[in-house]
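Because only heavy atoms are used, hydrogens play no part in the values below, and waters and symmetry mates are left out as well, while side chains stay in.
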Amino acid sequence: MGGVRLMVVDDHRLLAEALASALKLRGHRVLAAAAPTSGSADLVVSRAPEVCLFGTASPAAPGAFDPIARIGRERPQVAVVVLGPVPSPRGIAAAFAAGAVGYVRHDERIEGVERAMLKARAGESAIAPQLLRGAFTELLNPAVQPDDEGRRLLRMLTPREAEVLVRVAEGEGTRLIAAGMAIAPSTARTHVQRVLMKLGVGSRLEAAALAARTGLLERAEAHARAARPGAATDGPGAVSGPGTAPDGPGRTTGGDAPRGPHLPGRDG
């Protein structure tokens with residue numbers, strides 16, 4: 001079967017571009033890799049791919065799938081497959097209600113993503129039976145709120161490390177991280193290595209994927225924003241008090257656009 005004409009959109013550019021690169025190597029035609037998902041509808045409507053892979057870390061968030069509904073109205077021939085974390089039943093229901101034809105876990109192997117794309121292009125639903133079973137089980141037997149993995153992982157990071165993780169997920173290399181945080185490149189490199197060690201991963205791409213999958217990235221972004229006015233501290237999750245030195249300048253929403261994928265060691 002021929003390669004799929006597709007687009008990859010995700011809230012985090014690093015993940016979108018990494019997945020797009022992997023699919024290109026497998027013979028598929030990637031028209032574009034874009035971020036964030038909130039602004040993706042215009043691009044998908046104009047390029048009209050056969051399949052759109054729509055990545056989100058928060059499938060249950062209000063309005064998360066509004067772009068999918070618009071794509072369905074203006075380009076009903078485009079099959080949208082959502083890539084997301086292990087969701088709540090509400091997340092799966094919202095995805096299909098908006099017009100998605102598939103839902104694939106963020107941590108699925110590339111072969112699983114490829115199978116979902118091919119099924120979607122053929123007009124079939126693309127969702128693992130065990131994912132549906134799990135969703136219906138939770139709907140019928142709601143469990144007590146489980147331990148939040150994203151919150152647990154965030155507690156392991158200092159405020160500065162949380163900001164480093166956000167920058168890594170946006171594709172910033174060591175020098176750009178250092179410049180944005182007003183620290184030395186060697187210090188930035190040390191922070192990155194500590195983040196990888198604490199998360200138990202071996203690369204920046206793995207760290208970004210884990211953070212997106214568990215909701216850690218969303219929490220880290222909010223944590224970094226909250227910490228900016230009062231600066232950082234020496235310990236995980238701490239808040240600076242009077243007399244505490246700032247942790248470095250915070251980032252603003254008007255900063256540089258996210259860069260592409262960065263491999264450890266490429267920029268020193």
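- Side-chain contact check for Leu216 versus Leu210: every heavy-atom pair is 4.5 Å or farther apart.
- With hydrogens and angles disregarded, no donor-acceptor distance shorter than 3.5 Å links the side chain of Asp11 to the backbone of Thr56.
- The heavy-atom pair separating Gly171 from Leu14 by the smallest distance is N-CB, 4.2 Å.
- Using modelled atom types, one side-chain atom of Arg47 and one backbone atom of Leu31 make a donor-acceptor pair closer than 3.5 Å.
- Side-chain contact between Leu19 and Asp10 is absent, with no heavy atoms from C-beta onward closer than 4.5 Å.
- From Thr214, atom OG1 reaches atom CG of Asp107 across 10.5 Å, with rounding to the nearest 0.5 Å.
- Under the 4.5 Å side-chain heavy-atom criterion for grouping Ile, Leu, Val, Met, Phe, Trp and Tyr, Val45 is not connected to Phe65 through any hydrophobic cluster.
- Residue Glu50 comes nearest to Gly3 through the heavy atom pair OE1-O, 4.2 Å, listed as atom of the first residue, atom of the second, then distance.
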Item to check | Test side-chain contact (heavy atoms from CB on, under 4.5 Å) applied to Leu23 and Ile110, step by step | outcome: CA-CA 8 Å; Leu23 291 170; Ile110 190 68; 3.7 Å; yes
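- In this structure, CE on Met181 lies 5.5 Å from CZ on Arg160, to the nearest 0.5 angstrom.
- Of the possible polar contacts, none joining the Glu108 side chain to the Val113 backbone as a donor-acceptor pair under 3.5 Å is found.
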Next on the checklist: Using side-chain contact (heavy atoms from CB on, under 4.5 Å), reason through Val164 and Val168 one step at a time and then give a plain yes or no.
Outcome noted: CA-CA 6 Å; Val164 166; Val168 164; 4.2 Å; yes
Next on the checklist: What verdict does the side-chain contact (heavy atoms from CB on, under 4.5 Å) test give for Leu165 and Leu199, after you've listed the backbone C-alpha separation in whole Å, the side-chain angles of each residue and the deciding distance to 0.1 Å?
Outcome noted: CA-CA 10 Å; Leu165 176 61; Leu199 297 184; 4.2 Å; yes
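- Residues Ala95 and Val82 come closest through the heavy atom pair CB-CG2, 4.0 Å.
- In this view, Arg75 satisfies the salt bridge (charged side-chain N to carboxylate O under 4.0 Å, His left out) rule with no residue, not counting sequence neighbours.
- Taking CZ of Arg13 as the start and CD of Glu172 as the end, the distance is 12.5 Å to the nearest 0.5 Å.
- Going from atom CG of Leu15 over to atom CG of Leu217 covers 7.5 Å, rounded to the nearest 0.5 Å.
- Pairing each heavy atom of Leu205 with each of Ala18, the nearest pair is CD1-CB, 3.6 Å.
- Atom OG of residue Ser40 and atom CD1 of residue Ile68 lie 8.0 Å apart, to the nearest 0.5 angstrom.
- Side-chain contact between Arg121 and Leu118: present, with at least one pair of heavy atoms (C-beta onward) separated by less than 4.5 Å.
- Here the side chains of Arg26 and Glu111 are in contact, with some heavy-atom distance below 4.5 Å.
- Between Leu196 and Ser203 the shortest side-chain heavy-atom distance does not fall below 4.5 Å.
- For Glu218, the salt bridge (charged side-chain N to carboxylate O under 4.0 Å, His left out) criterion is met by no residue, not counting sequence neighbours.
- Judged by distance alone, the side chains of Glu163 and His191 never bring a donor and an acceptor atom under 3.5 Å apart.
- Across all non-hydrogen atoms, the minimal contact from Ala20 to Ala33 is CB-CB, 3.9 Å.
- Here the side chains of Met156 and Arg152 are in contact, with some heavy-atom distance below 4.5 Å.
- Val101 and Ala120 get closest at one heavy-atom pair: CG2-CB, 3.7 Å.
- Considering NE2 of His28 and CG of Leu53, their distance stands at 9.5 Å, rounded to 0.5 Å.
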Next on the checklist: Checking Val80 against Val44 for the side-chain contact (heavy atoms from CB on, under 4.5 Å) test, could you report, in this order, the C-alpha distance in whole Å, the side-chain angles of both residues, the deciding distance, and whether it holds?
Outcome noted: CA-CA 10 Å; Val80 180; Val44 175; 6.0 Å; no
